[in-house]
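In what follows, chains are A, B, ... by sequence order, proteins preceding strands, each numbered from 1.
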Amino acid sequence: MHPHYAAIYRVVRFVPKGRVATYGQIALLSGLPHGRARQVGYALHALRPDSKVPWQRVINARGEISLDAEGASRQRQILASEGVEFDERGRVDLRRYQWRPRHMRFLTAV
DNA sequence: GCCAGGGCGCTAA
DNA sequence: ATTAGCGCCCTGG
């Protein structure tokens, strides 16, 4: 596996239930050069179905789910079951639900 | 709020 | 080997 992917997964695992993170945020926290947000999407897409990485907690910077209709409804259902609310336009209020880590524990957790 | 353009790495043609 | 889109984001208008 590409080392960047491992770094991405390590960070995503720390996003708690009931909160979300953005692709750009994960890229930044993962230490990718220049915050390559797009690569986070590829890393999550490459996850095995039985993975323990909470991929569903990563959404785009506008608070929207960035998947086709089928995948979006799956992701939304899981998030809703974790307590994340969506507005009538299908968006999450990031001011309310975005993960804001106080301590960067994932930096040492290998 | 919208749209366009640039940057980036991956993947399927 | 080349091209064309993308689970994106930033800046600028």
Side-chain angles (χ1 to χ4, degrees):
Chain A
M1 171 189 318
H2 196 285
H4 285 162
Y5 281 24
I8 289 165
Y9 298 148
R10 189 189 317 147
V11 175
V12 173
R13 268 192 289 259
F14 276 87
V15 182
K17 189 204 291 188
R19 312 234 88 191
V20 296
T22 70
Y23 293 97
Q25 178 185 8
I26 296 298
L28 193 68
L29 294 174
S30 302
L32 269 62
H34 262 281
R36 302 280 168 262
R38 181 150 228 155
Q39 215 171 344
V40 174
Y42 287 112
L44 298 181
H45 186 79
L47 282 170
R48 292 295 202 94
D50 58 340
S51 158
K52 307 213 172 6
V53 178
W55 58 270
Q56 73 276 10
R57 294 174 195 158
V58 184
I59 62 179
N60 70 30
R62 300 183 299 195
E64 300 166 333
I65 291 176
S66 296
L67 288 180
D68 58 25
E70 184 186 341
S73 76
R74 273 204 307 272
Q75 183 170 3
R76 177 168 172 163
Q77 188 194 342
I78 302 173
L79 284 177
S81 78
E82 297 182 346
V84 175
E85 295 181 316
F86 290 80
D87 67 15
E88 55 285 343
R89 293 175 62 177
R91 295 191 314 190
V92 175
D93 185 353
L94 291 179
R95 293 175 307 178
R96 199 165 145 197
Y97 289 104
Q98 184 170 20
W99 173 50
R100 288 179 180 93
R102 296 163 132 258
H103 309 294
M104 310 272 153
R105 302 206 306 116
F106 47 84
L107 290 178
T108 57
V110 185

- Message: Looking at A/Gln77, I'd like to know if its CD atom is crowded, meaning that more than 12 non-hydrogen atoms belonging to other residues, nucleotides or ligands lie closer than 6.0 Å.
- Response: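 No, not enclosed.
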
How would you list, by chain and number, every residue that makes a salt bridge (Lys or Arg N to Asp or Glu O under 4.0 Å) with [X], sequence neighbours excluded?
X       : answer
A/Arg95 : A/Asp93
A/Arg48 : none
A/Glu88 : none

By nearest atom, which of the nucleotides [options] is closest to the [X] side chain?
X       : options              : result
A/Gln75 : B/dC2, C/dG7, B/dC10 : C/dG7
A/Ala37 : B/dC10, C/dG7, C/dC8 : C/dC8
A/His2  : B/dG1, B/dC10, C/dG7 : B/dC10
A/Asn60 : C/dC8, B/dC8, B/dG1  : C/dC8
A/Ala61 : B/dC8, B/dG1, C/dC9  : C/dC9
A/Tyr5  : C/dG7, B/dC10, C/dC8 : B/dC10
A/Leu67 : C/dC9, B/dC8, C/dG7  : C/dG7
A/Gln39 : B/dC10, B/dC8, B/dC2 : B/dC10

- Consecutive Watson-Crick or G-U pairs in runs of at least 3, all under 3.5 Å, in which DNA chain B is involved: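 So the stems come out as B:2-7 with C:8-13, B:9-13 with C:2-6.
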
In whole Å, what is the span from the [atom1] atom of [X] to the [atom2] atom of [N]?
X       : N      : atom1 : atom2 : answer
A/Ile8  : B/dC10 : CD1   : P     : 10 Å
A/Ile65 : C/dG7  : CD1   : C1'   : 10 Å
A/His4  : C/dC8  : NE2   : C1'   : 17 Å
A/Leu32 : B/dG7  : CG    : P     : 19 Å

- Can you name the side-chain hydrogen bond (donor to acceptor under 3.5 Å, both in side chains) partners of A/Thr22, sequence neighbours left out?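 Partners of A/Thr22 by the side-chain hydrogen bond (donor to acceptor under 3.5 Å, both in side chains) criterion come out as none, since no residue qualifies.
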
- side-chain hydrogen bond (donor to acceptor under 3.5 Å, both in side chains) against A/Gln75, all qualifying residues, sequence neighbours excluded: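 A/Gln75 satisfies side-chain hydrogen bond (donor to acceptor under 3.5 Å, both in side chains) with no other residue.
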
- Message: Regarding A/Val58, tell me which of base, sugar-phosphate or nothing describes its non-hydrogen contacts under 4.0 Å with the strands shown.
- Response: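 The answer is base, as A/Val58 lies within the cut-off (heavy atoms under 4.0 Å) of a base atom.
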
